[in-house]
Amino acid sequence: MNNNFSKLKDLVMSLESDFEKFYDKGNAAAGTRVRKGMQDLKNMAQDIRKEVQDIKNSQAETK
């Protein structure tokens, strides 16, 4: 889990400059990179949600 969380944080931090370029300078290409990064973030979050649910269910079965 810790590895997934680290990847999530790294992705968010890597988007910071593109957010600034898009919102502060109006750079359209940066906006495209932000949109792609946000889609990757969504997919990563969904994978983590599934992993947490699977672990939770397996722990409930052993009790």
Side-chain angles (χ1 to χ4, degrees):
M1 193 296 290
N2 197 13
N3 188 34
N4 286 336
F5 185 68
S6 294
K7 288 180 184 178
L8 192 71
K9 288 192 310 185
D10 290 344
L11 177 59
V12 169
M13 295 308 295
S14 72
L15 294 173
E16 184 176 11
S17 67
D18 286 327
F19 268 99
E20 290 172 359
K21 289 175 186 174
F22 178 71
Y23 284 108
D24 296 340
K25 299 176 183 172
N27 183 322
T32 300
R33 290 189 297 273
V34 167
R35 288 180 46 241
K36 183 195 179 305
M38 294 305 292
Q39 185 65 42
D40 292 343
L41 184 65
K42 175 185 169 189
N43 292 337
M44 196 178 294
Q46 186 63 38
D47 291 343
I48 292 171
R49 285 185 77 244
K50 184 182 180 316
E51 179 183 6
V52 168
Q53 188 65 43
D54 290 345
I55 292 170
K56 186 176 136 186
N57 288 344
S58 69
Q59 289 174 346
E61 290 174 4
T62 60
K63 290 183 179 179

Shortest non-hydrogen contact between G37 and L11, atoms and distance:
O-CD2, 3.8 Å
If you measure from CD1 on I48 to CG on L8, what distance do you get to the nearest 0.5 Å?
4.5 Å
Quick check for you: to the nearest 0.5 Å, what is the distance between K50 atom NZ and I55 atom CD1?
10.5 Å
Show the numbers, then the answer: is there a side chain to side chain contact (heavy atoms under 4.5 Å, CB included) between F22 and R35?
CA-CA 11 Å; F22 178 71; R35 288 180 46 241; over 6 Å; no
Rounded distance (nearest 0.5 Å) linking atom CZ of R33 with atom OG of S17
7.5 Å
Separation between CZ of F19 and CG of N27, rounded to the nearest 0.5 Å
13.5 Å
When you compare the side chains of Q53 and N57, does any donor N or O come within less than 3.5 Å of an acceptor on the partner?
yes
Could I get the full list of side chain to side chain contact (heavy atoms under 4.5 Å, CB included) partners for Q46, not counting sequence neighbours?
R49
Test item: D47 and E51 side chains (from C-beta on) under 4.5 Å apart, heavy atoms:
no
Does any non-hydrogen side-chain atom of M38 lie less than 4.5 Å from one of L15?
yes
